[in-house]
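One-based numbering along the sequence shown.
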Amino acid sequence: MASLVEVHALAGAGLEGDRYFRGIGTYSGGDESGRQITLIEGEALQAASVETGLNIQPRDSRRNIVTEGINLNDLVGRDFQVGGVRVRGLELCEPCSHLAELAGKPLIRSLVHRGGIRADILSDGIIRGGDSVEVD
């Protein structure tokens, strides 16, 4: 996982350079819907750190974007903007044993129902660090 200043989002394909964009993600090879972009609340990561006593970093979540000040679960089934890119929230991105194994931390219990969301990219554009999430 790498932190980027900006990334090119391609409608129907994902984030340029991402493991699912390149077809090499763990769950690649089937329907890529919902794997184009993932988001997680920074507040959820902070709460999980406090609850577990672990130093949980954004990279441990393996989500593409960390947000602040927005309830992502409310965006499932809705269209919204991340910077200038239109996306559609599809489903919760619940933590799994594979995530915990890669992070080397017991993350599952602390991130259940707050592990972020999966979304599809509806328009091409650039997403930059600090871009806002705007709901219709």
Q: Identify, with sequence neighbours excluded, every residue that meets side chain to side chain donor-acceptor pair (under 3.5 Å) alongside Arg88.
A: Asp79
Q | Asn55 versus Ser49, closest heavy-atom pair with distance | A | C-OG, 4.2 Å
Q: Find out if a path of hydrophobic residues (ILVMFWY) with successive side-chain heavy-atom gaps under 4.5 Å connects Val87 to Val135.
A: yes
Q: Please report the closest heavy-atom contact between Ile121 and Ala9, naming both atoms and the distance.
A: CD1-CB, 3.9 Å
**Q.** Trace of the side chain to side chain contact (heavy atoms under 4.5 Å, CB included) decision for Val85 with Asp131
**A.** CA-CA 10 Å; Val85 176; Asp131 277 350; over 6 Å; no
Q. Are Ile37 and Leu92 connected in a single hydrophobic cluster, I mean Ile/Leu/Val/Met/Phe/Trp/Tyr linked by side-chain heavy atoms less than 4.5 Å apart?
A. yes
**Q.** Separation of Glu16 CD from Glu6 CD (nearest 0.5 Å)
**A.** 10.5 Å
Q.
Using the rule that Ile, Leu, Val, Met, Phe, Trp and Tyr join whenever any side-chain heavy atoms are under 4.5 Å apart, tell me whether Val7 and Leu122 fall into a single cluster.
A. no
Q) Do Asp136 and Arg86 pass the side chain to side chain contact (heavy atoms under 4.5 Å, CB included) test, and can you show the C-alpha distance, the side-chain angles, and the key distance before you say yes or no? A) CA-CA 10 Å; Asp136 296 336; Arg86 191 146 189 78; 2.3 Å; yes
Q. Between Ala47 and Arg114, what is the shortest heavy-atom contact and its length?
A. CB-NH1, 3.6 Å
Q: List for me each residue that meets side chain to side chain contact (heavy atoms under 4.5 Å, CB included) alongside Ser132, sequence neighbours excluded, and say none if there are none.
A: Glu134
**Q.** side chain to side chain contact (heavy atoms under 4.5 Å, CB included) between Leu39 and Val82, worked out
**A.** CA-CA 10 Å; Leu39 302 92; Val82 180; 4.1 Å; yes
Q: Identify the two heavy atoms, one from Gly84 and one from Ser123, that lie closest to each other, and give their separation to 0.1 Å.
A: O-OG, 4.0 Å
Just distance, no hydrogens or angles: give the donor-acceptor pairs under 3.5 Å from side chains in residues 66-73, sequence neighbours left out.
unit_1: Thr67; atom_1: OG1; unit_2: Ile40; atom_2: O; d: 3.4
unit_1: Asn71; atom_1: OD1; unit_2: Asn73; atom_2: N; d: 3.1
unit_1: Asn73; atom_1: ND2; unit_2: His113; atom_2: O; d: 2.8

